[in-house]
Amino acid sequence: MTKHRLLAATALSTLMLGAAPAMAVTVTMNTVQIFGTIDPAKISDYTDYMAAVNLYDGLVTVDAAGNIIPELAESWTVSDDAKEVTYKLRDDAKFADGSPVEASDVVYTVERLLRINQGPANLFAGVLTPGSVTAVDAKTVKFTLAKTFAPFLTTVPAIFILNEEVVKANEGADDGQTYLATNVAGAGAYSLKSWDRGSQMTITRNADYYKGFGAGPINEVHWIITNDEATVRSLAASGELTMSSQFQSPDTYTALEAMGRFVIAKEETSTAFYLKLNSKAAPTDDVHIRKAIALATDYATIREVISPGGVLSTPLPKAFAAFHADDIPEPVYDLEAAKAEVAQSKYAGAPIPITLAYVAGTKFEEEISLLMQSNLEQLGFVVTQQADPWNRITEIAGKVESTPNVNQIFFGPTYPSPDSMFFTQYHSEAAGTWASMEWVQNPEIDAMIDEARGTGDTAKQAEIYKAVQHKLVDLQSDVFLNTQTVQHAMDKCLTGFKAVPMMSFDYDFTRYSWTC
């Protein structure tokens, strides 16, 4: 065979075998909880947003530094009084079906969000009302705020734009909720290929995505839902797993790294890990009991061994440096001081029943809960362990009486502003969600959060937010475990992970590349 014929045969073999991996790679990643919904008007937790940020685009998005950057909108202007924001859409912005994205689609999306009043809608309570968003022309849309709302620009990435024509054609009797529960009507870089709610979701790349893709694009993303450490290791050993979830045990990260195919990507985040204490249910309705639980928490073991992370001394991570109350000391582990708090409580002198809850099957949370049980039993508590799947936790969080006493919850900024850490967790208007299982419902705290939201004076905001932190620490609304050091075991050929201070925007797979 001549050299030329050999080269031709090699080329033919390459074609028969398929394109280079960089052009057809599938990333397989595990998640530890189900995707609850893909309807942009109803999304609320990290898996929901993980899907949405790939299936839909917003007017703007967020980069790793927390900057607001263009997406469907190419530019925006803000009025002098900060009550009007006008967005100019890209001329080439189009939905996955090829139709243009227009101002009317933005108007429809916001109106529907307000009507359904779930998910991201609480970000705009009292800020956007029916009629607040208007089409100036086909490519220009104006938001008129009902009141000054300092974080507004940072909340807009949570509005994922719908194709009005498609949704209206399938709106049925429930504003398209049934249709959008299993279908996508957006401008995102990926389309839904398959979804089995309890086990997996697969999305596939839209080749005609209006923004295009960089080198080594990810062709498909396949999420496998499992929090079983042995299953994750098995998937990695078989070659199927490309990227682990951020909630694996330290032993699993070590085992995957030892395989030689994976690197451990680590990023400090503004996500906080709490024990949320139900302040309306016995015995955690007593502040002395809440303080006793905080003092009975072995922070060093949790932070350094079980769930690696940084010090969290208030509800607000130190990443929000200008707004953080640095004068509040970090929490301490002191069983003798915890006993003294129990003695001051109305439950002193008798066994104290208490329920410790965590996400079922999450090994590190189980370890934390067992550690807490060991310490609390030394103080006279009678502990019941309650492990529930995530969808059950979101359900029981809706009522005071079904919310357990102690709940292990990760919560990070839904948008890159300290307001997202306070309003969504501690304002009375946000009560009844998994993010607010403390049931604080304190009028004074509500007023402080409202005041911070209503001023554009950053120094004034910082003063208020620091006072809110002192108030919540005095109330011992939570046990402040740590700030999350996010970790992923990633195939050495996969690059692009960078922590973003907005829920699951880290997992926009247009930002990833396959380099092999």
Side-chain angles (χ1 to χ4, degrees), residues 39-41 43 52-63 67-116 120-121 123-124 127-146 149 151-171 175-176 180 183-191 205-214 415 502 505 508 510-511:
D39 186 335
I43 55 177
V53 78
N54 287 286
L55 298 172
Y56 290 90
D57 275 3
L59 292 171
V60 292
T61 187
V62 182
D63 68 14
N67 299 310
I68 305 301
I69 58 176
E71 197 158 65
L72 290 169
E74 64 182 12
S75 63
W76 55 95
T77 57
V78 182
S79 64
D80 291 341
D81 65 1
K83 288 189 176 181
E84 290 185 355
V85 185
T86 303
Y87 291 89
K88 180 68 175 176
L89 299 177
R90 292 172 56 138
D91 288 335
D92 62 348
K94 62 182 180 179
F95 290 109
D97 66 0
S99 60
V101 178
E102 298 185 334
S104 57
D105 296 298
V106 180
V107 174
Y108 174 78
T109 297
V110 177
E111 293 286 341
R112 179 178 181 269
L113 176 65
L114 297 177
R115 286 195 300 271
I116 291 175
L123 306 182
F124 308 102
V127 177
L128 296 179
T129 58
S132 288
V133 185
T134 55
V136 177
D137 57 43
K139 288 293 183 177
T140 310
V141 61
K142 182 170 69 175
F143 287 70
T144 302
L145 280 55
F149 178 45
F152 179 72
L153 292 177
T154 65
T155 64
V156 174
I159 304 175
F160 293 103
I161 306 305
L162 292 165
N163 186 326
E164 176 186 11
E165 184 176 338
V166 170
V167 181
K168 279 190 171 180
N170 297 277
E171 65 184 353
D175 224 342
L180 290 176
N183 294 277
V184 180
Y190 291 84
S191 299
R205 182 165 64 97
N206 293 328
D208 296 326
Y209 180 50
Y210 70 98
K211 290 204 299 182
F213 294 84
Y415 45 97
M502 185 156 183
F505 278 56
D508 173 353
T510 64
R511 306 182 187 196

Non-neighbouring partners of Tyr209 that pass ring-ring contact (aromatic ring centres under 6.0 Å, His included), sequence neighbours left out: Phe213
From OG1 (Thr155) to CZ (Phe124), nearest 0.5 Å: 3.5 Å
Residues in side chain to side chain contact (heavy atoms under 4.5 Å, CB included) contact with Pro157, at least two apart in sequence or another chain: Val60, Val62, Ile68, Met502, Phe505
Results of side chain to side chain contact (heavy atoms under 4.5 Å, CB included) for Asn183 - residues two or more places apart only: Tyr179
Partner residues of Asp137 under the salt bridge (Lys or Arg N to Asp or Glu O under 4.0 Å) criterion, sequence neighbours left out: none
By side chain to side chain contact (heavy atoms under 4.5 Å, CB included) - contacts of Leu114 (at least two apart): Val110, Leu128, Pro130
Atom of Ala41, atom of Ile116 and distance for their closest heavy-atom approach: CB-CD1, 3.9 Å
Side-chain heavy-atom pair Val156, Tyr87 within 4.5 angstrom cut-off: yes
Salt bridge (Lys or Arg N to Asp or Glu O under 4.0 Å) pairs, two or more places apart, involving residues 156-167: Glu164-Lys168
Flag side-chain contact, heavy atom, 4.5 Å: Arg112 against Leu180: yes
Heavy-atom pair with the smallest gap, counting every atom of Ser191 and Leu55: C-CD2, 3.8 Å
Set of salt bridge (Lys or Arg N to Asp or Glu O under 4.0 Å) partners for Asp105, sequence neighbours left out: none
Lys142: side chain to side chain contact (heavy atoms under 4.5 Å, CB included) partners, not counting sequence neighbours: Glu84, Thr86, Thr134, Val136, Thr144
Residues that Tyr415 engages under side-chain hydrogen bond (donor to acceptor under 3.5 Å, both in side chains), provided they are two or more places apart: Asp419
Asp81: partners by side-chain hydrogen bond (donor to acceptor under 3.5 Å, both in side chains), with sequence neighbours left out: Ser79
Thr129 side, atom OG1; Leu145 side, atom CG - distance, nearest 0.5 Å: 9.5 Å
For Pro120 against Leu113, the heavy-atom pair lying closest together: CD-CD1, 4.1 Å
Approximate separation, where rounding is to 0.5 Å, of Leu72 CG and Leu89 CG: 7.0 Å
Point-to-point distance, once rounded to the nearest 0.5 Å, from OG of Ser75 to CZ of Arg90: 11.5 Å
Between CZ on residue Phe160 and CG on residue Asn54, distance to nearest 0.5 Å: 9.0 Å
Residues that Asp97 engages under side-chain hydrogen bond (donor to acceptor under 3.5 Å, both in side chains), provided they are two or more places apart: Ser99, Asn163
Results of ring-ring contact (aromatic ring centres under 6.0 Å, His included) for Phe152 - residues two or more places apart only: Phe143
Minimum heavy-atom distance Thr510-Ala189, with the two atoms named: CG2-CB, 3.2 Å
Atom pair OG1/NZ of Thr61 and Lys211 - distance to nearest 0.5 Å: 7.0 Å
Closest non-hydrogen atom pair, Asp175 against Arg115: OD2-NE, 2.7 Å
